[in-house]
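The structure appears below as structure tokens.
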Amino acid sequence: MSKRNWQQVASAKINETFQRHNVRLTLGGEPTFVPLQPIGPEWNYSAVGPTKLGYAQAMAKALLAREMRGGVAFFSPGKSYPGEVNPRWAIRLLANRDGRPVVRRKTGTAAGSRSLGMFRRQVLAGLGLRSGWKAMGDTLHKSHRVWVLLLDDENGGWKSSHWPDEDLELTTAEGPAGLRLPFHRLASEVPRRALTLEWDGETASIFLPPFLQKPFLALLQVLDASLGEAGIGAVAFQGYVPSDELGCWTHLGLAADPGVLEVNLPACATWDEYDFWIQAAARAAEASGLRSWKKPEGNLAEGTGGGNHLLWGGPTLDENPFFSRPAWLASVLRYWQRHPALAYLFTGVYVGASSQAPRTDESARDAYDLEMAWSFLENLGAGDHRGVISETLRHLQTDVTGNSHRSEISFDKFWNPGWPAGTLGLIEFRAIESLPKASWMSAVALLWTSLAAWLLENPCRGPLARLEEELHDRFFLPGFLWDDLVEILGDLRGAGYDLSEELFRQIWNWKFPVLLAFEQDSSSLTVRRAHESWPLLCETPVDGGTTSRFVDTSMQRLEFAVNDAFAKSATLRIAGRPLALRRIADDRWVAGLRFRRTNLYPSLHPGIPPQMPLEVEIVRDGRAKVFRLGHGEAVFRNAGTRSVGRPGVSCKAGRKGDLTCDLRIR
């Protein structure tokens with residue numbers, strides 16, 4: 001069965017299962033992209049910077065030329081975060097689902113004084129107003145000309161108020177004119193909503209104030225007609241985009257996020273729609289000079305670091321499938337807790353308690369608290385339980401600081417009245433990273449959706465898995481994560497969801513690349529990059545600010561896997577120290593190794609130097625074949641052979657029984 005066929009078969013079975021149970025589950029996605037050369041703070045840790053908006057505009061243009069033909073792009077204010085002076089920006093693309101253009105394609109010329117005057121008069125006429133436009137100065141952009149119209153909708157019509165008679169200046173904050181209006185000069189009873197026209201000598205930028213969808217569409221129609229009458233072709237739309245209350249739009253967003261450009265895919269009614277949009281986003285990104293992976297200097301390729309989060313929800317709040325099915329939700333949480341592969345196999349290089357997506361059992365919560373919460377949900381009766389579901393879960397699905405957003409399965413957008421975007425009925429799976437192929441990212445979404453459908457009919461019950469030390473020992477090693485995924489795929493296969501093990505093997509091989517492969521006669525050794533849990537450090541003063549909290553990324557973990565023939569004929573030494581391998585299955589021996597790759601300030605144990613270059617010796621018949629991982633190198637290099645010296649102290653584990661040894665421990 002071809003890849004496309006097995007995906008279609010699984011998708012059809014998912015749709016049939018949901019339809020039989022009257023479930024309408026939507027899928028959302030947040031893939032992230034970076035340039036081929038992600039240089040500068042904006043492509044490493046800052047949200048905004050000098051080049052990111054240009055990439056976003058190029059990507060918007062590519063989408064509007066193909067998948068969202070007839071749509072329009074709005075430059076909009078984005079999220080505001082503590083410590084950031086200005087809101088981030090977002091580009092929101094709107095297209096009508098019925099194919100009609102949102103606005104007519106403008107064929108006029110660049111705006112001029114005469115055409116702008118005509119445009120303002122046409123807008124007043126279209127709104128049924130006699131006057132109201134006010135010219136304002138802009139000391140930040142002295143060559144720009146700006147006009148503002150106070151505007152509010154009232155009983156299906158429009159009304160305007162007058163600005164003070166004195167000359168007014170825009171504030172000197174960053175951003176378009178519509179975000180820099182001197183509202184503080186207005187009387188308290190005057191509504192703070194205004195339509196803004198800004199002209200830079202060529203392009204007319206029109207900033208729409210916040211309205212509900214119906215008046216927003218009415219205003220957009222007036223603006224569209226007025227631009228046509230005035231013959232203005234060079235137009236940029238800006239402002240606030242309302243939610244799609246009428247269900248008439250396809251809505252896609254491009255947002256500035258730390259280190260990446262984030263794409264907010266449209267809410268998809270089926271996996272097939274999700275597959276369409278993830279492929280579309282990847283094509284537009286490639287056409288714009290972006291990609292969904294990066295290759296840091298001296299390392300192998302990895303995801304963007306910005307995630308590829310998957311969201312479950314409903315087409316409307318009234319149709320949200322989880323509000324009235326808390327037992328189904330508890331079943332999902334139980335199954336995810338039992339299978340670390342769902343948290344660790346598809347995520348980025350940073351895992352563990354202080355990561356961006358910790359598991360619930362990594363957040364200093366007693367297991368019986370989780371058991372009580374999930375059992376409570378399983379025993380709720382019929383009805384809409386959105387409030388009690390949220391209050392039951394949001395204090396448990398957090399990171400170690402209590403942050404409800406930074407969790408493997410986040411409920412901060414589920415039903416939290418009083419929080420921005422807190423009542424959307426969304427469940428966000430954050431332990432999913434961007435992958436180099438759109439088909440791989442789509443396959444992960446198919447796995448998640450298949451599990452949702454299967455668990456709807458085959459509830460996961462019984463006690464939590466007591467993984468304890470094993471969680472951060474064996475399940476940080478690639479081989480055990482693959483074993484766990486094979487078990488998951490087996491559960492699905494038994495119910496008719498036959499997902500391709502071969503494709504997921506490709507993803508696993510990319511996530512955990514081979515750093516050393518050795519074969520001689522019938523013996524073999526494979527060394528792969530494994531996961532590591534990097535600790536969050538205490539507050540540290542920083543230049544130009546107050547304090548910041550750093551993550552100590554100095555440690556790296558490797559997995560050593562050999563077969564029976566190797567275990568019988570050779571031994572391993574790391575930096576001259578014997579490394580013991582443990583037999584875990586027929587023809588399979590494994591050990592993990594932690595070592596210090598760097599010690600940038602600040603870090604834990606600053607007195608311990610980096611353990612680089614790292615040498616691996618394969619000892620056989622009194623000779624050692626040497627492989628070396630050098631500074632700034634991603635893989636081991638053949639360093640020849642030498643005589644075997646006296647062994648050093650054996651590599652030791654941090655805890656008795658661990659498969660992973662820590663080279664720092666003597």
Are [Y] and [X] an aromatic pair, judged by ring center distance below 6.0 Å?
X      : Y      : value
Trp440 : Phe504 : no
Tyr344 : Phe476 : yes
Phe411 : Phe322 : no
Phe512 : His531 : yes

Could you state the interatomic distance from [atom1] ([X]) to [atom2] ([Y]), rounded to the nearest 0.5 Å?
X      : Y      : atom1 : atom2 : value
Asp399 : Thr360 : CG    : OG1   : 12.5 Å
Leu485 : Leu345 : CG    : CG    : 5.5 Å
Ile409 : Leu393 : CD1   : CG    : 9.5 Å
Ser407 : Gln397 : OG    : CD    : 5.0 Å
Leu151 : Leu219 : CG    : CG    : 6.0 Å
His339 : Leu451 : NE2   : CG    : 8.5 Å

message: So for atom CZ, which belongs to Arg406, do other residues, nucleotides or ligands contribute more than 12 heavy atoms lying within a distance under 6.0 Å?
response: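 Incorrect, the count does not exceed 12.
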- prompt: Is it true that atom CG of Asp98 has more than 12 heavy atoms of other residues, nucleotides or ligands lying nearer than 6.0 Å?
  reply: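 Correct, the count exceeds 12.
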- prompt: Passes side chain to side chain contact (heavy atoms under 4.5 Å, CB included), Trp6 versus Leu499? Steps please.
  reply: CA-CA 7 Å; Trp6 68 256; Leu499 306 190; 3.9 Å; yes
Salt-bridge present ([X], [Y]; N to O < 4.0 Å):
X      : Y      : answer
Arg505 : Glu501 : no
Asp153 : Arg193 : yes
Glu428 : Lys413 : yes

Would you kindly say whether [X] and [Y] are connected by a side-chain donor-acceptor distance under 3.5 Å?
X      : Y      : value
Gln213 : Asp244 : yes
Asp473 : Thr660 : yes
Asp275 : Ser442 : yes
Arg325 : His21  : no
Arg528 : Asn509 : yes
Asn5   : Gln7   : no
Thr304 : Thr32  : yes
Asp491 : Tyr497 : no

At their closest point, which heavy atom of [X] faces which heavy atom of [Y], and how far apart are they?
X      : Y      : value
Ala255 : Asn264 : CB-OD1, 4.1 Å
Ser331 : Asn458 : OG-O, 4.5 Å
Pro321 : Gly314 : CD-CA, 3.9 Å

- request: Any chance you could lay out the side chain to side chain contact (heavy atoms under 4.5 Å, CB included) test for Asp484 and Leu342, step after step, and finish with the verdict?
  value: CA-CA 9 Å; Asp484 192 35; Leu342 297 172; 6.0 Å; no
So, using side chain to side chain contact (heavy atoms under 4.5 Å, CB included) as the criterion, who are the partners of [X] when residues are at least two apart?
X      : answer
Glu273 : Cys268, Ala269, Thr270
Val48  : Trp89, Ala256
Ser80  : Pro87
Ala218 : Trp158

task: Take Leu503 and Ile507 through the test side chain to side chain contact (heavy atoms under 4.5 Å, CB included) and record every step on the way to the result.
output: CA-CA 7 Å; Leu503 187 144; Ile507 298 174; 3.8 Å; yes
Give every residue pair that meets the salt bridge (Lys or Arg N to Asp or Glu O under 4.0 Å) criterion with at least one member in [range], sequence neighbours excluded.
range            : answer
residues 345-360 : Arg359-Asp361
residues 312-324 : Arg24-Glu319
residues 330-346 : Arg334-Glu371, Arg334-Glu378

query: ring-ring contact (aromatic ring centres under 6.0 Å, His included) between Trp271 and Phe18: does it pass, once the steps are laid out?
result: CA-CA 12 Å; Trp271 172 84; Phe18 286 158; over 10 Å; no
- prompt: Yes or no on side chain to side chain contact (heavy atoms under 4.5 Å, CB included) for Trp510 and Leu435, after CA distance, side-chain angles and deciding distance?
  reply: CA-CA 9 Å; Trp510 188 82; Leu435 297 171; 4.0 Å; yes
With [X] via salt bridge (charged side-chain N to carboxylate O under 4.0 Å, His left out) - residues at least two apart:
X      : value
Arg529 : none
Glu245 : none
Glu67  : Arg283

query: Who are the side-chain hydrogen bond (donor to acceptor under 3.5 Å, both in side chains) partners of Gln238, not counting sequence neighbours?
result: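 Listed in chain order: nothing, the list is empty.
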- prompt: What residues, two or more places apart in sequence or in another chain, satisfy side-chain hydrogen bond (donor to acceptor under 3.5 Å, both in side chains) together with Ser11?
  reply: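 In terms of side-chain hydrogen bond (donor to acceptor under 3.5 Å, both in side chains), with neighbours along the sequence ignored, Ser11 is linked to Asp272.
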- request: Spell out, as yes or no, whether a donor-acceptor pair under 3.5 Å connects the side chain of Thr17 to the backbone of Lys13.
  value: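 Such a contact is found between Thr17 side chain and Lys13 backbone.
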Do the non-hydrogen side-chain atoms of [X] and [Y] ever get within less than 4.5 Å of each other?
X      : Y      : value
Val400 : Pro358 : no
Leu446 : Tyr274 : no
Asp498 : Val9   : no
Ser354 : Val551 : no

query: Would you call the rings of Phe74 and Phe237 parallel, tilted or perpendicular, where under 30° means parallel and over 60° means perpendicular?
result: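 Tilted: the ring planes of Phe74 and Phe237 meet at 30° to 60°.
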Ring of [Y], cation from [X] - is the NZ or CZ under 6.0 Å from the centre and inside 45° of the axis?
X      : Y      : result
Arg88  : Tyr81  : yes
Lys511 : Phe346 : no
Arg97  : Trp249 : no

